[in-house]
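Have a look at the structure below before the remarks.
These numbers were taken from a predicted model, which means no experiment stands behind them. Just so it is clear, the values below take in all heavy atoms, side chains as well, and ignore hydrogens, waters and symmetry mates.
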Amino acid sequence: MTTPPPGQDTPPAGTQEATSRPSAAGEKGCGSEALVQVRDALGDCRRCKLAGGRTTLVFGVGNPHAELVFVGEGPGADEDREGEPFVGKAGQLLTKMIQAMGYQREQVYIANVVKCRPPGNRNPEPDEIEACEPFLRAQLAAIRPRVVVALGKFAAQTLLRDTTPITRLRGGWREYEGIRLMPTFHPAYLLRSPEEKKKAWEDLQLVMKELGRPPPGR
């Protein structure tokens with residue numbers, strides 16, 4: 001099967017609707033022409049009921065050519081206000097995790113399964129995931145990282161189309177569209193269950209090994 005070049009993928013289904021917004025060039029998370037095309041296709045999205053309650057559509061942030069991408073669940077209140085994924089308490093922990101791996105936050109790319117905040121920070125519902133998933137997949141096709149870290153069950157189950165609990169998925173390598181994928185716990189869960197941080201760090205060390213990053217302290 002022939003794989004299209006990065007950024008040359010067919011636009012996600014349902015992305016042809018007209019929008020009244022200007023091109024996304026210069027927006028957060030749109031640092032390449034391929035990502036600009038995905039963001040322009042997303043437009044002023046009204047494809048699901050989350051649109052009615054959002055302040056800001058949260059597309060993504062980071063290096064458009066990153067070798068490592070982190071995918072979470074959806075924006076919270078801080079993210080909805082600032083238009084950037086993972087900027088609240090869970091985001092602060094994610095930044096520390098990224099730095100512990102030997103990266104700076106701006107060297108990786110960070111996105112979510114859904115681009116609009118679910119009300120009350122509830123879990124995203126199946127129809128909302130279905131509406132937004134094509135754009136996440138298009139983002140990953142545009143970036144073509146070496147590794148994706150799926151943070152929590154919604155990211156892992158969405159990308160893998162696998163309903164196995166995250167407690168059983170985490171720590172085991174999987175593959176997504178030819179890209180190595182490591183499921184692990186979401187930082188918000190780690191804040192609630194700090195005793196699980198050791199397991200998450202073990203998962204991230206496997207990612208470091210895959211990417212040829214030296215162990216910390218060396």
Side-chain angles (χ1 to χ4, degrees), residues 3-88 90-92 94-95 98 103-118 124 128-151 155 158-159 176-179:
T3 302
Q8 299 292 316
D9 306 75
T10 301
T15 62
Q16 301 301 315
E17 64 186 51
T19 66
S20 58
R21 61 186 305 285
S23 173
E27 286 190 16
K28 289 180 181 178
C30 299
S32 70
E33 181 57 34
L35 284 168
V36 169
Q37 290 177 11
V38 179
R39 180 65 185 89
D40 284 346
L42 184 55
D44 183 25
C45 187
R46 302 284 164 180
R47 294 172 179 83
C48 82
K49 57 186 178 294
L50 292 180
R54 73 168 181 244
T55 301
T56 309
L57 188 150
V58 183
F59 183 66
V61 70
N63 180 357
H65 308 292
E67 66 176 4
L68 177 60
V69 172
F70 292 85
V71 176
E73 177 180 318
D78 294 318
E79 292 77 15
D80 180 59
R81 181 174 57 253
E82 297 190 30
E84 181 173 328
F86 283 95
V87 294
Q92 293 168 17
L94 177 60
T95 298
I98 291 168
Y103 292 91
Q104 295 303 310
R105 185 178 165 105
E106 59 269 18
Q107 292 177 293
V108 305
Y109 195 92
I110 306 172
N112 280 311
V113 171
V114 296
K115 310 304 186 193
C116 300
R117 181 194 180 196
E128 297 160 357
I129 293 173
E130 182 180 1
C132 226
E133 180 185 3
F135 298 98
L136 171 61
R137 291 182 178 271
Q139 281 176 289
L140 294 175
I143 299 166
R144 295 302 300 178
R146 290 176 59 193
V147 173
V148 171
V149 175
L151 299 167
T158 296
L159 291 174
Y176 163 79
E177 299 289 337
I179 302 168

Quick one: closest heavy-atom pair of R105 and G91, and the distance?
NH1-O, 3.9 Å
Value rounded to 0.5 Å, distance of CG in L151 from CD in E73:
10.5 Å
What heavy-atom pair brings E84 and K28 nearest, and what distance separates the two atoms?
OE1-NZ, 3.3 Å
From CA spacing to verdict: side-chain contact (heavy atoms from CB on, under 4.5 Å), V108, V149
CA-CA 11 Å; V108 305; V149 175; over 6 Å; no
With rounding to the nearest 0.5 Å, note down the distance linking SG in C48 to CD1 in I129.
10.0 Å
CD-CG distance between Q37 and D40, expressed to the nearest 0.5 angstrom
8.0 Å
Closest non-hydrogen atoms of L50 and P118, given as atom of the first, atom of the second and distance, are CD2-CA, 3.5 Å
Should we count CD of E130 as having more than 12 external heavy atoms under 6.0 Å?
no
Can you see which heavy atom on T158 is nearest to which on V113, and at what distance?
OG1-CG1, 4.0 Å
How many angstroms lie between atom CZ of F86 and atom OG1 of T95, to the nearest 0.5 angstrom?
9.5 Å
side-chain contact (heavy atoms from CB on, under 4.5 Å) between I98 and L68, intermediate numbers included:
CA-CA 10 Å; I98 291 168; L68 177 60; over 6 Å; no
Donor-acceptor pair, distance only, cut-off 3.5 Å: does the side chain of Q139 make one with the backbone of L35?
no
Would the distance check show the side chain of N63 and the main-chain N or O of Y109 forming a donor-acceptor pair, the cut-off being under 3.5 Å?
no
Just to verify, which of K115, E133, K49 counts as forming a side-chain contact (heavy atoms from CB on, under 4.5 Å) with E128?
K49
About how many Å separate CG of L42 and CZ of F135, when rounded to the nearest 0.5 Å?
5.0 Å
When you measure from the side chain of D80 to the backbone N and O of T55, does any donor-acceptor pair fall under 3.5 Å?
yes
CG-CZ distance between N112 and F70, expressed to the nearest 0.5 angstrom
13.0 Å
Could you report the tightest heavy-atom contact between P75 and C116, atom names first, then the distance?
CD-O, 3.5 Å
Of the non-hydrogen atoms in R54 and L57, which two are nearest, and what is the gap between them?
CD-N, 3.8 Å
